[in-house]
Amino acid sequence: MSRNDEVASLLEEFADRLEATGVEYKPSAYRRAAENVREHPTPIEDLAVDGEDAVAEIDRVGDAIAAKVVEYVETGEIAELEALREELPVDMAALTAIEGVGPKTVGTLYEALEITTLDEMEAAAEAGEIREVKGFGARTEESILENVPFARESRKRTRLGDARPVADDALAYLADVDGVSRVEVCGSIRRWKDTIGDVDLLVASDEREPIVDAFVDWPAADATIEAGTGKASVRADGTRVDLRIVDDVEFGAALQYFTGSKAHNVAVRNRAIDRGLKLNEYGLFDVRDVADPDAGRRVGDRVAGETEEGVYDALDMAFVPPELREDAGEVAAAAADDLPDLVDGADLRGDLHTHTDWSDGGFAIAEMIAAAAERGYEYHAVTDHAAGPGVFGNVGLDEDEIVEQAAAVAEAADAVDAGIEVLHGIEANIDTDGGITTDDATLADLDIVVASPHSALDAEADAATERLVRAVEHPEVDVLGHPTGRLINERRGLDPDMEAVSAAAAREGVAIEVNANPARLDADGSAVRAAVDAGATIAVNTDAHTPRELDNARYGVHTARRGWAEAADVLNTYSADDLREFLA
Ligand code: DGT
Ligand code: CA
Ligand code: CA
Ligand code: ZN
């Protein structure tokens with residue numbers, strides 16, 4: 001976690017705790033400040049050494065908040081926050097992880113029942129105490145009881161988007177350590193699963209102790225969990241990071257083994273056994289002439305193991321991209337040399353779902369266009385929120401504002417003049433019945449319409465399927481945005497039958513979005529697979545609200561790869577002409 005992220009998280013906790021004690025307005029000021037601190041390109045500690053005025057230069061950071069930031073950088077704590085923590089000794093992060101429970105509820109339930117943890121919350125709900133609290137009822141209590149297990153589970157796994165930067169930092173650090181000849185991530189993070197239990201790293205080296213010593217000295221490591229010979233574990237940014245060190249000749253076999261998944265490994269190992277071979281984390285061995293193949297780990301002649309490619313090759317199969325290693329048909333496909341040619345980040349030519357300060361984005365239209373051009377994109381779609389259910393306050397654009405924005409987008413595109421084609425669209429809302437809550441005539445004039453569910457995200461599976469199919473059948477809809485509305489570790493979202501939705505999308509020529517925001521990754525890998533199988537088109541979109549969020553595209557690409565998507569399946573790999581044709 002960068003210091004900016006760290007300070008932003010503290011300001012957010014500050015906001016939660018102020019809100020819990022009934023303070024108004026101030027919490028949203030803290031949250032806006034947190035967002036801008038997180039996005040600010042200068043390391044916060046560099047600004048803090050220059051004093052409060054330098055910190056207050058950050059947009060939306062006032063003098064009072066700037067003073068607290070300086071206090072934190074200088075002393076390691078904020079006295080007022082410590083006082084708030086003492087006043088309300090609750091595990092705020094755990095309790096607000098319960099769907100439907102916000103800081104205010106946490107504050108009220110602490111006052112009434114002294115609930116401070118998930119266990120206490122569950123016990124109180126089970127005992128029927130919550131429904132007795134003023135302002136609460138049986139329904140709220142049932143909902144809390146239902147959602148506690150999900151909150152508890154979600155706290156054990158880290159979102160890919162939080163873990164991947166930690167892994168990247170570790171990779172860069174270890175690559176520079178003396179004696180390291182190769183380093184790779186493995187485990188679920190190499191398979192780009194949407195949540196990560198722990199980060200696994202593999203190093204090839206002749207040495208052991210000096211590498212372990214260097215690893216526990218990694219600046220991002222907050223604590224050492226264990227340091228042995230040949231392996232070690234640390235905690236970084238709240239996530240466990242495991243390191244294994246192996247000899248160079250065994251690196252490929254170890255990488256294959258520790259990448260998993262376990263189910264994939266079992267299938268591959270069975271293929272080895274069928275061929276009189278033995279596969280383990282030390283190598284691939286020919287045991288046809290060995291009396292007792294189980295006598296040791298390195299019994300028989302080494303056939304492969306230095307590289308992962310070598311291991312798959314010796315098993316007469318194509319190299320299996322890590323994203324596919326889930327025992328979902330990839331072993332048979334690799335054996336038949338019939339694996340998909342997966343989409344790659346370099347294939348993307350533009351983003352089809354982004355926001356600006358016309359709705360809830362933080363940046364002007366021109367800034368977002370320029371940022372897209374900087375990333376080498378050929379086209380860029382501006383799709384701010386339309387007004388409608390689930391889009392609160394005056395965030396969403398009504399029909400008049402959409403027309404007004406069309407002119408502003410054209411003007412900004414001219415002003416930026418970066419040779420990038422700019423599409424003007426909207427993110428419209430799918431109501432409970434699958435209707436679109438913006439006028440058809442207004443939608444018809446736009447280049448692109450993304451339609452997303454933003455309300456009633458707990459509907460029954462059947463109702464959700466009907467709702468999304470109906471939305472897809474709307475003549476003006478081009479892209480079905482974040483189909484389930486899930487927020488990883490926070491909200492389960494809809495549970496539609498993606499086969500049925502995908503069949504409708506394929507028929508109607510509507511693309512199904514893989515929303516690359518790491519809090520969403522929606523559609524997920526298995527839903528993408530259903531879509532691709534149904535012949536539907538995918539769109540990998542970031543839903544960026546800031547220039548930096550355009551870089552989240554990588555998470556969407558790897559999620560699409562988990563769904564076996566090829567470039568030809570992905571709308572925003574199309575040329576601008578082909579894109580226009582799809583949208584027309
Ligand atoms: P995670 O950390 O829960 O998100 O999932 P993974 O897949 O990273 O699992 P982890 O960290 O427990 O182990 C890393 C990989 O090591 C796993 O994907 C497969 C391999 N592995 C670990 N234990 C076993 C085992 O008992 N048998 C086999 N075949 N493979 C194992
Ligand atoms: Ca792992
Ligand atoms: Ca592990
Ligand atoms: Zn959006």
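Both counts, for ligands and for their atoms, begin at 1 and track the order of listing.
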Any atoms of ligand 1 less than 4.0 Å from a non-hydrogen atom of [X]? List them with their elements.
{"X": "Asp200", "result": "8 (O), 11 (O), 14 (C)"}
{"X": "Arg157", "result": "1 (P), 3 (O), 4 (O)"}
{"X": "Phe258", "result": "14 (C), 15 (C), 16 (O)"}
{"X": "Gly187", "result": "8 (O)"}
{"X": "Arg191", "result": "7 (O), 18 (O)"}
{"X": "Gly197", "result": "1 (P), 2 (O), 3 (O), 4 (O)"}
{"X": "Thr259", "result": "18 (O)"}

Name of the Asp543 N, O or S atom nearest the Zn ion (ligand 4)? OD1
min-distance N/O/S atom, Glu427 vs the Zn ion (ligand 4), resolves to OE1
Answer whether the closest heavy-atom distance between the side chains of Glu35 and Glu12 falls below 4.5 Å.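 Of all side-chain heavy-atom pairs linking Glu12 with Glu35, none is under 4.5 Å.
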Do Thr559 and Trp192 come within less than 4.5 Å of each other through their side chains, counting heavy atoms only? no
Tell me the contacting part of Ile196 for ligand 1: side chain, backbone, both, or neither, using a 4.0 Å heavy-atom threshold, strictly below.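 It is the backbone that gets close, since no side chain atom is under 4.0 Å.
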Contact partition for Arg269 relative to ligand 1, non-hydrogen atoms under 4.0 Å: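 Within the 4.0 Å criterion, Arg269 contacts ligand 1 through side-chain atoms alone.
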Identify which of Arg244, Lys262, Lys193 has a heavy atom lying nearest to atom 22 (C) of ligand 1. Lys262
State whether His353 contributes an N/O/S atom found under 2.8 Å from the Zn ion (ligand 4).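 A backbone or side-chain N, O or S atom of His353 is under 2.8 Å from the Zn ion (ligand 4).
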Within His355, is some N, O or S atom less than 2.8 Å away from the Zn ion (ligand 4)? yes
Cation over ring face, Arg269 and Phe285, 6.0 Å, 45°: no
Within 45 degrees of the ring normal and closer than 6.0 Å to the centroid, is that where the cationic atom of Arg492 sits relative to Phe150? yes
Do any of the N, O or S atoms of Asp242 sit under 3.0 Å from the Ca ion (ligand 2)? no
Review item, side-chain donor-acceptor pairs of residues 246-257, under 3.5 Å, at least two apart:
unit_1, atom_1, unit_2, atom_2, d
Asp247, OD1, Arg208, NH2, 2.8
Asp248, OD1, Ser181, OG, 3.0
Asp248, OD1, Arg182, NE, 3.4
Glu250, OE1, Arg298, NH2, 3.4
Glu250, OE2, Arg298, NE, 2.6
Glu250, OE2, Arg298, NH2, 3.1
Gln256, NE2, Asn265, OD1, 3.4
Gln256, NE2, Tyr312, OH, 3.1

Could you tell me whether Glu323 and Lys193 make a salt bridge, using a distance below 4.0 angstrom between a side-chain N and a carboxylate O? no
